[in-house]
Each structure stands twice: as structure tokens, then as C-alpha cells.
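Data block below; observations after.
Keep in mind the model is a prediction, meaning the values are calculated, not measured. As the structure lists them, so they are numbered: ligands from 1, and atoms in each ligand from 1.
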Amino acid sequence: MKAVLCKAFGPAENLVLEEVASPEAKKNEILLDVHAAGVNFPDTLIIEGKYQFKPPFPFSPGGEAAGVVAAVGEKISHLKVGDRVMALTGWGSFAEQIAVPGYNVLPIPSAMDFTTAAAFSMTYGTSMHALKQRAQLQPGETLLVLGASGGVGLAAVEIGKAMGARVIAAASSAEKLAVAKNAGADELINYSESNLKEELKRLTQGNGVDVIYDPVGGDLFDHAIRSIAWNGRLLVVGFASGRIPELPVNLALLKGAAVLGVFWGSFAQRQPQDNAANFQQLFAWHAEGKLKPLVSQVYPLEKAGEAIDSLANRKAVGKVVVAVR
Ligand SMILES: NC(=O)c1ccc[n+]([C@@H]2O[C@H](COP(=O)([O-])OP(=O)(O)OC[C@H]3O[C@@H](n4cnc5c(N)ncnc54)[C@H](OP(=O)(O)O)[C@@H]3O)[C@@H](O)[C@H]2O)c1
């Protein structure tokens, strides 16, 4: 089979496309014929050796995939050969086949194509878990989404609207904000041009925002936490800016606020039934047209490195997908 390989930590231009042996499914795994693979920010980190997981070389990047079950291990009962599925893989999806533990694989609705399915699980799974189990977002509350046109950010905008919140989308350019508006955002803030704290004060009549969804970290975190409402919740989702911020905890005390970590991969593994229920809701909203996953660009397998670079260079909007077959 063909696979994109990372043979040493380094930039995406060092990735190579090679012919390698197909994997085999162990007892608790399925073998997946990969049709499409979603690109996510962790792909930019894993090839550089900056991610929390460091797979042995050579490995294929690619944290999520959609395709068809080609074989099942003897302990797998919820899936069969020929099922159309999406899978959370961590790495390995930029290849024609991958063996995946069964608990990380979900059947996809018959109306959902592979490109959409490959762009769905990581971003919507993360944002649903963040807003539902962690923040317990309520209808009528105000939700601020930072990096609102990115993968997880745009999913948070749509899910926030589906949950009945007033969504303030914040991003670095007018083009990116137009994408967030199209996804349903009620208010827009361009944080390259305006003062985030002042804008939030204006948009909330000085009350602050109830829930902050932060996949960016760095300076944006520092400004946003000062604009949180009484009883507010700040969701720590990621650090796309490259800086893990530090919190003066008196700010949490003064607002009776909570800072909540979000780690969807662990949640999916530790609470599979809750995760499956989340996806039933997400699939229902998708069928009702409330979620419209935006795949802005599809790259062929041999250009997977360029796809990763589009996220690293802050160029991507919505989701970028690699067409594997
Ligand atoms: N906790 C979890 O379970 C979980 C799951 C998935 C992803 N994540 C994390 O969430 C973050 C976003 O992932 P994603 O896949 O949604 O990425 P993405 O599509 O690339 O979006 C990231 C956004 O961050 C903003 N950003 C600010 N500074 C940036 C920089 N220096 N480089 C790149 N982007 C920058 C960009 O928006 P502007 O240009 O508008 O600022 C961009 O749209 C990552 O840190 C990722 O590791 C966490």
C-alpha cells in the first residue's frame, strides 16, 4: 500500500510517499481501507516531535480517517467488513490502510460522504465534549470562540448555535470572520485590528462572556480571561499560537470562574458511551442541516505535507482533507 512517511522529526517537506507492507488487524482492531483523512493541528506538531505522542519511525501522520472496514479482529462485534466508518487514529491515516482499535471507530450515516466524515470526528467530537460535558453551556448564554474559523473553532460556533447560545466569533482577519458568520456566529471580533477586551465589554454590556472556547492560547488567553462573566467557564482546548499561557488564579477567584481542561481523545476512550451519545446528537444536527462541515481544500495523498503546512502557516479555514483513494 502507499503511505506518507515521517522518517525523522522535521518539516512537512521531508515527508515521503512510499510503498509499504499493509498492517494486520489484531484481536481488538479493525483494518480500515482509508478513503479520506482529515488534517488537524496535532499533525503539524507530531512530525516535528512537539506533540504529546511520539510514534516510532517511520510513521504516517494523520489523526483521523474515513473509509470502509476491510477486516475485523476476533473480539470486534459492533462492526463488520464493508461498514462505512470514521476513525480516530492519532496518527497513521495518511496511508491506504490502517489498523485501528475498535473503540475508536464509529459507523457513519449513509448520507455522509467520506470527505465530510474525515473532517468530522476530531473537530465536532472535541467541541461537543467541550461545550456539553465540560462547560455545560446553557441556552441564552454567551459563548466566545477564539480562532473561530479554524477546525475546532468553526465546529464550536455551529454547536454553540445548535445549543442555543449567543456566539461571539473572534479571528484574525475579515475573511476568516466571514466564514464564522456563515456558520451562524451572532457577533464578530477581528483581534488583529481591535482590542478584544474592549469589544467584549461592549458586546456584553460589561457583563463578560459566560463561556470562552480557547484553542489558541498565548496572548489571546491573557486578554480573554479578563473578560469572563461571573460563574464563567474557560475551556482550555489547545495552544495553536505556540505559547501555553499561565493564569493568575486571583482572576478565577474574583469571577467565581472555572478553567476547564478539554482532552477529547481521552474522553472518547474513558467514556465511550457518552462519546457515542454525543455523536448521535451531532449526526442528528447534521441531518437537520444545523451542522455544515466546511472542507475548504482537498489535497491528494502525495501533497499531504502541503496540507499540513496550510495549518502550520495559519492559512487554512474550516477543514483541510487528504484524499487517500
Ligand atoms: N483538546 C483537544 O481534545 C483537542 C482536539 C483537537 C485539537 N486540539 C487543539 O486545538 C488547536 C486547534 O486545532 P485545529 O485542528 O482546529 O487547528 P486549525 O484549524 O489550524 O485552527 C487553529 C486556529 O488558531 C489560530 N491561530 C492563532 N495563532 C496561530 C498560529 N501561530 N498558527 C496557527 N494557527 C494559529 C488560527 O486562527 P486565527 O488566524 O484567526 O487566529 C487558526 O484558525 C490545536 O492547538 C490543537 O492541538 C485540541
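Below 4.0 Å from some heavy atom of Leu311 lie the following atoms of ligand 1, by number and element: 20 (O), 33 (C). Residue contact check: Val216 has heavy atoms under 4.0 Å from atoms 24 (O), 25 (C), 27 (C) of ligand 1. Heavy-atom contacts of Gly150 reach the following atoms of ligand 1: 19 (O), 21 (O), 43 (O) (cutoff under 4.0 Å).
Note: Phe279 and Tyr124 fail the aromatic proximity criterion, with ring centroids not under 6.0 Å apart. The distance between the ring centers of Phe221 and Phe239 does not fall below 6.0 angstrom.
Protein heavy atom nearest atom 31 (N) of ligand 1, with residue, atom name and distance: Ala240 O, 3.4 Å. Atom 19 (O) of ligand 1 has as its closest protein heavy atom Gly151 N, 2.8 Å.
Not counting sequence neighbours, the partners of Ser22 by the side-chain hydrogen bond (donor to acceptor under 3.5 Å, both in side chains) test are Gln97.
Glu64 and Asn40 share a donor-acceptor pair across their side chains, judged by distance under 3.5 Å alone. Defined by atom type and a distance below 3.5 Å, a donor-acceptor pair is missing between the side-chain atoms of Gln138 and Asp210. Asn207 and Thr204 are not linked by any side-chain donor-acceptor pair at a separation below 3.5 angstrom, with hydrogens and angles left out of the test.
Not a single heavy atom of Phe267 sits closer than 4.0 Å to an atom of ligand 1.
Residue-to-ligand polar distances place Val262 within reach of ligand 1: an N/O pair is separated by less than 3.5 Å.
The backbone and the side chain of Val152 each have at least one atom closer than 4.0 Å to an atom of ligand 1 (non-hydrogen atoms only). Counting heavy atoms under 4.0 Å from ligand 1, residue Phe239 touches it through the backbone alone.
Between Phe53 and Trp91, the ring-plane angle classifies as tilted under the 30° and 60° cut-offs.
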